[in-house]
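Chain letters run A, B, ... following the sequence lines, proteins first, then strands; residues in each count from 1.
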There are 2 protein chains.
Amino acid sequence: MAKGTIRLADVAKAAGVSQGTASNVFSRPDVVREEVREHVLETAKRLGYAGPSLTGRLLRAGKVNAIGVAAVEPLAYFFDDPWARALLAAVSQVCDASGTGLALVSAKDRQKLDWNIKSALVDGFILLCVEGGEKLVELTRERQLPFVALALNDDDPSIASISVDNLGGAAMAARHLAELGHRRFGMLATELSNDHVGPVGIAEIERAIYSTSRDRAFGYWRALETFGIVREDVPVYETINDKPSVEAGLDFLFSAPEPPTAILAMSDNIALLTINWLRARGLSVPQDVSVIGFDGVPEGGMVEPGLTTMAQPFAEIAQRAVRAVLEDAVPAEREMIDVTLVVRGSTAAPKR
Amino acid sequence: MAKGTIRLADVAKAAGVSQGTASNVFSRPDVVREEVREHVLETAKRLGYAGPSLTGRLLRAGKVNAIGVAAVEPLAYFFDDPWARALLAAVSQVCDASGTGLALVSAKDRQKLDWNIKSALVDGFILLCVEGGEKLVELTRERQLPFVALALNDDDPSIASISVDNLGGAAMAARHLAELGHRRFGMLATELSNDHVGPVGIAEIERAIYSTSRDRAFGYWRALETFGIVREDVPVYETINDKPSVEAGLDFLFSAPEPPTAILAMSDNIALLTINWLRARGLSVPQDVSVIGFDGVPEGGMVEPGLTTMAQPFAEIAQRAVRAVLEDAVPAEREMIDVTLVVRGSTAAPKR
DNA sequence: CTCATGAGTTGAATCGATTCAATTTCGATG
DNA sequence: CATCGAAATTGAATCGATTCAACTCATGAG
């Protein structure tokens, strides 16, 4: 019938009311007389009006009612990486509850990421700064929208960020194992520097560019030292959080004359890979080797034996992050959140 | 300096050019003289202009450059359910490549879903119709945007939909096991009707409201019958694709006097739960019992033994779905996609 | 009978960019 | 030197709703 699509103005005219009233029928129905409202609604239906156009509404309102989650990774990362998934599941729950939309923004190469961030229809961003965090922050800043950075490897106080207590958490993890009686440890690290995989020394860790990994290492060391174990005695292997590098790390750690009885894994991902590797070698967990992870991803509770780990309170992190974005995060706000020790089956006293 | 935020008009005025030119600087830079362009760009930067407002641009363009993926499930479903994840990972890859944004839309209760679909800023929808598909389609229709339904349990030809060949795939799965020599089967079904869990008879399957499950059952039967196995001899247990109901189903199947040597699972999820259950009972897979799944989720390749399954070509499905939405799906288009048998370690010849 | 009250309605201004026909500028050509 | 065409620029209309001050019209009080 109509030449183009039906506009609010068309409905208003057809129903014989002003555009203002027609608008109210949809966005503030209580203010218009029931009789009129029904008539307008009916007219709208008759005309096949699809409801107020969002863009029109947006233009005036200036709010999209959605937040974006961004990372310097391909989009699929959000569905593949366990940590990202756990976090997003939590974020989506908060969004669900508050009626906020969720848009995924990402790209591995800078060019595209730039464009994606520039053109995402959102009111603010949650930044997953696992890698390339500064780039991401920089790009997002230009957009002049509120944002909050998660897991940022940077202490710039002008960036609103939420992170977990890596130092304290790692210390708690190491203490747990030491208290069980372990004395020979091996550490499997997440990224410390760019493009490096392999055994690393103390000096390299101290000047690591990724503070998350560095803090976790420091935390492990600090706790172990109270048990008389010095850093020099704890071999460390840097992985890139994937299967090949973790297995290489395990080959390295277990080729030592006195292999470790406990593995300090800086992520649950690494820990889970470790358990599989040990199993395949005929080593049983936790009888032969104890393994502790970090993050508290749901997968850790679904394997046998369950993974002992330092759990991040994903729900709380998500809650705060979303709120911060929605309420226009105070830029100087830096929050630190505690992790909790979750003891499951992958840790026990050493054999003898 | 400016009272509010900087608009394009402000930049134009400050740079001493018309608004039209200023607009061109950003959206069609090639058309404006380099000299002028640089001057405007510089002015914009000086003023702290955040780039053309998306809403303003949108209003004119009428395109958001993003698609929504919707399901009648809580948002977290997209990150928790293996099938949804595999699919979304594939969809996101396509989106990434084509520079299309991705928005997640969902809600368990109808009220909210309605609102979410109405207010999602997208150019079209991909509908995950695992459950409550008709509701979803109905709601989406009102929005008058292109959409394509995946895994729709309905044969309405007026709905653009893409689905896999459940019948043929299931037949291939059953044939694979029968050719290995299996003769005693047990079937663990995904939902056939609403709110029912437990053993089901042939008649109930024939009048199942979910065609996906029904077709898979028919497919299994068809193949088995060519091996002389009649449907009456294949016990079927209807699950709701979660751990408790699957375990109840296994209790049922294996309490028979002659327990099955092969399990036909209608989803990889069920198959994986089955393998765990069997393991816990001291039954080894595939020596004691063979298990075949359906879907081809990545998890199936990461467990030991690997899961034999009928793999959906997620990448292809995603590709077609996204294209259909972006190119305004011809409503009468119904596509059927083949699944392929992926043989891994969970199936083998029966013991003797 | 008048006036205040308030619910309901109207119409025009507004949000911020894009677009396109019209106009100006400039260089090249006959 | 006049003229033509291409390139660059301008200005106004436009997208589709929301908002708010102003207005209408009953109703009830004084």
query = Is the shortest side-chain N/O distance from A:R57 to OP1 or OP2 of D:dG16 below 4.0 Å?
reply = no

query = Is any side-chain N or O of A:S27 closer than 4.0 Å to OP1 or OP2 of D:dT18?
reply = yes

key: Per A:P52 side chain, nearest of listed nucleotides C:dT18, D:dT18, D:dG16   = D:dT18

query = If you measure from the Lys or Arg side-chain nitrogens to the Asp or Glu carboxylate oxygens, is any gap between A:E327 and A:R320 under 4.0 Å?
reply = no

inquiry  = Quick check on C:dA17: is either OP1 or OP2 less than 4.0 Å from any side-chain nitrogen or oxygen of B:Y49?
reply    = yes

request  = Take atom CG of B:L8 and atom P of D:dT14, then tell me their distance rounded to the nearest Å.
outcome  = 20 Å

query = Of all heavy-atom pairs between A:R85 and A:F79, which one has the smallest distance, and what is that distance?
reply = CD-O, 2.9 Å

query = Which part of the nucleic acid, if any, lies within reach of B:T21 when heavy atoms closer than 4.0 Å are counted: base, sugar-phosphate only, or nothing?
reply = base

message = Between P on C:dC15 and CG on B:L54, what's the gap in Å once rounded to a whole number?
response = 18 Å

ask   = In whole angstrom, what separates A:N24's CG from D:dT18's C1'?
value = 9 Å

ask   = Should B:S53 be listed as having a side-chain N or O under 4.0 Å from OP1 or OP2 of C:dG16?
value = no

task = Indicate whether the side chain of B:R141 and that of B:S158 have a donor and an acceptor atom separated by less than 3.5 Å.
result = yes

query = Within a radius of less than 6.0 Å around CD of B:E42, do more than 12 heavy atoms belonging to other residues, nucleotides or ligands occur?
reply = no

ask   = Starting at CD of B:Q19 and ending at C1' of C:dT19, how long is that distance when rounded to a whole Å?
value = 11 Å

task = Grab the CG-P distance between A:D10 and D:dC15 for me, whole Å please.
result = 11 Å

remark   = Atom CZ of A:R7 and atom P of D:dA17 are separated, to the nearest Å, by 8 Å

inquiry  = Would you say the ring centers of B:F78 and A:F78 fall short of 6.0 Å from each other?
reply    = no

inquiry  = Regarding B:T55, tell me which of base, sugar-phosphate or nothing describes its non-hydrogen contacts under 4.0 Å with the strands shown.
reply    = nothing

request  = Rounded off to whole Å, could you give me the CZ-to-P distance for the B:F26 and C:dT18 pair?
outcome  = 9 Å

Nucleotide C:dG8, atom C1' - distance to CZ of A:R28 in whole Å = 12 Å

